[in-house]
2 protein chains.
Amino acid sequence: MARSKKSYPTITDVARAVDLSPTTVSFVINDVPYANIPEETRERVWQAVKALGYRPNAAAKVLRTQRTHTIGFVTDEVASTPFAGQVIKGAQELAWDNGKMLIVINAGGNPSVLEAAVEVLLDRQVEGIIYAAVYHQEVQPPPNLSEVPAVLLDCYCADRSLPSVVPNEVGGGRLDTDLLIAQGHRRIGFINLNPGIPAAVGRLQGYREALAAAGIAFDPALVRHGNAQADGGYHQIQQLMRLDAPPTAVFCGTDRTAMGAYDGLRDFGLRVPQDVSIVGFDNQEIIAAYLRPALTTVALPHYEMGRWAVQYLLNLIKQPSATTPPQRLEPCSPIIRESVRPPAG
Amino acid sequence: MARSKKSYPTITDVARAVDLSPTTVSFVINDVPYANIPEETRERVWQAVKALGYRPNAAAKVLRTQRTHTIGFVTDEVASTPFAGQVIKGAQELAWDNGKMLIVINAGGNPSVLEAAVEVLLDRQVEGIIYAAVYHQEVQPPPNLSEVPAVLLDCYCADRSLPSVVPNEVGGGRLDTDLLIAQGHRRIGFINLNPGIPAAVGRLQGYREALAAAGIAFDPALVRHGNAQADGGYHQIQQLMRLDAPPTAVFCGTDRTAMGAYDGLRDFGLRVPQDVSIVGFDNQEIIAAYLRPALTTVALPHYEMGRWAVQYLLNLIKQPSATTPPQRLEPCSPIIRESVRPPAG
DNA sequence: TTGAAAGCGCTACCAA
DNA sequence: TTGGTAGCGCTTTCAA
């Protein structure tokens, strides 16, 4: 149980125990290369360290070295979405491998909390800050964010004054559509997200590019906007199937839409994938993998974005650069499951 | 963009600027009650603070006060599950409201990383540590965990030497079954998780308690074990429906199981909820809310467990206690949607 | 009402 | 190969 507040021994205590100076102990503990400490001495020191339960005081070290080895991770409510974990995981893992800690703050979409969060992180002298949004969007980050190396994750600011990493929506849309084309589909429906948001714009562009590359004419009748919810998919796909020339495959802008589309198709008397092929987007494991048939989809690079953000920060910390901040388009990856087949007939 | 490494002004700089001592400046900044600083002086100080962009150095403060206001949050891969966000969110929010920061480390289920993580947190002098598991289970926490107030989240250790917070599985199972009984069902199937794990044991007990309370005899033929996957639900429910006296309602140990059960029922020619009522468990939003009909289920208290853990730590930090470590059973809550109806006929 | 100064624990320069 | 010691920026006691 919680031991009573007994404070840890200091480096001086260790030094005293082995009758050496704190300097030497410090050399041993930090394995300073230019100090030629003989093996025998090192052992004595380490023994005393173990014996006393010595633990270097991080605060003292930070104060002295001015390096906190800490990165701030601020989120706009992201922590409550199913993807949050992956982003944090990617960021945290790479940070850990480089001896950095992550301080996570969920600002809950509240601008004043956001600014306060950044302020606190700055007080803690974080070496960099990642600001992660809940979904791909434009944001207006607080001005104090730029006091330290910072990167935007799954979002970007209008003036591009901050580096950012976002999913390659165009590439993802292209990937998904190509999956269908590769199986021989030529009449491909698209149930997109709400118009205007980056994901919808990008995925549509990818869809069109894929069609163009395959020499298939774009037919506006085949593209519809769902509401990113399952019941959107339910109704939209039925509309699509009522067309004079219905699609043989449908690209759903979201796995949830696809989930609705499955139901819509079923109630329409059509089977996936025998009658209609379906691809989703997002790879929400929990839906995509457990739908029957399992959904072929495209995974959003959450884990990778987390890693990229930290890597970028790491570089910037090591060597500040004045080049204009990049926007990284992190590729999406296809997840092949069972919802796609060549068109019937 | 990343400003060049210019170091911040110190409290001494501020003092010099207003021609006062660091003491006074410190008094003003920390609003020390017993120092009677006149309003006029305070203003001068604050002005200089703003003007110079002064920012108190957290490391120096920590070194001096020996309080880090930091809590460690170590996870066993939890950060990659859809629930992770909620747990972290609950913990982080309450921490923030109490002026504490959360350092999050994902140990990825690797015991040596786990121990190293705790070690690093201890170096950083965290005031407490939360160790969160990916699902309700028994764990063997690293011994160094007990050097500081600690609480286990969604897990517990065999010897109960550490406090823990876990979902009230029994209560949840009871809740779910009662939901069915309240609608008049008497013949209630149960597709449980893999036997042996705490969730399966607890939910089964809750199921039996509910039956007993309603005076319904327990029929072993009605309880089956799925594999927590959707296709488990698919087959198990069909077995159940082939019984001579099939159930009119089925309690699925997981929303995923329920998802499979929906499909199994449909392929069996039965409708939810007209022919068979279904309840799930977990409230995996993304499934439960988007299934058709939307799934009535019971929510696991992730957010609440996060909060509870922090609150417990906060108390312990404020006032160490030697009472035997409690195990908190955090209640689950019913989420009523559309998959339950009174039995037909 | 304000200030001087000690000291938190560590690193790293300079000396020996 | 090892040690003395200054000083990182802050709080807080004691004194004025």
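Reckoned from all heavy atoms, side chains included, excluding hydrogens, waters and symmetry mates. Residue numbers begin at 1 in each chain, while the letters A, B, ... track the order of the sequences. Every value quoted in this text rests on a predicted model; they were computed, and no experiment measured them.
Looking at which nucleotide of DNA chain C each of B/Asn36 and A/Ser26 is closest to, the 5′-most match is held by B/Asn36. Place A/Pro38 and A/Pro22 on DNA chain D by their nearest nucleotides, and A/Pro38 ends up nearer the 5' end.
Taking all atoms of both residues into account, the shortest heavy-atom contact from B/Glu119 to B/Asn144 is OE1-ND2, 2.8 Å. The two atoms that bring A/Val126 and A/Thr68 nearest to each other are CA-OG1, 4.0 Å, heavy atoms only. Heavy-atom minimum distance, B/Ala35 versus B/Phe27: CB-CD1, 3.5 Å. The shortest heavy-atom contact between A/Thr10 and A/Tyr54 is C-CE1, 3.5 Å. Nearest heavy-atom pair across B/Asn57 and A/Gln66 is ND2-OE1, 4.3 Å.
The bend of the helix from C/dT1-D/dA16 to C/dA16-D/dT1, defined by the angle between the axes of its first five and last five pairs, stands at 40° to the nearest 10°.
Atoms CD and CG, on A/Glu115 and A/Asn110 in that order, are 11.0 Å from each other to the nearest 0.5 Å. For the atom pair B/Asp154 CG and B/Asp76 CG, the distance stands at 10.0 Å (nearest 0.5 Å). Atoms CD and CG, on B/Glu138 and B/Leu152 in that order, are 10.5 Å from each other to the nearest 0.5 Å.
A 4.0 Å heavy-atom criterion places the boundary nucleotides of DNA chain C facing chain A at C/dG9 to C/dC13, written 5' to 3'.
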With the criterion being N/O to N/O and under 3.5 Å, what pairs connect the protein with nucleotides 6-9 of chain D, and how long is each?
{"from": "D/dG7", "atom 1": "N2", "to": "A/Arg64", "atom 2": "NH1", "distance (Å)": "3.2"}
{"from": "D/dC8", "atom 1": "O3'", "to": "A/Gln66", "atom 2": "NE2", "distance (Å)": "3.2"}
{"from": "D/dG9", "atom 1": "N2", "to": "B/Ala60", "atom 2": "O", "distance (Å)": "3.4"}

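Remark: C1' of D/dC10 and CG of B/Asp13 are 13 Å apart, rounded to the nearest angstrom. For B/Asn30 and D/dC10, the CG to P distance is 10 Å, given to the nearest whole Å. Rounded to an integer number of Å, the gap from CZ of B/Phe27 to C1' of D/dC10 is 12 Å.
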Practice task
Could you please spell out the steps behind the side-chain contact (heavy atoms from CB on, under 4.5 Å) verdict for A/His136 and A/Tyr156?
Solution key: CA-CA 8 Å; A/His136 190 166; A/Tyr156 58 90; 3.8 Å; yes

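Counting heavy atoms from C-beta outward, A/Ile105 and B/Met101 have side chains that approach closer than 4.5 Å.
The pair A/Asp31-A/Arg42 meets the salt-bridge criterion, with a side-chain N (NZ, NE, NH1 or NH2) lying under 4.0 Å from an Asp/Glu carboxylate O.
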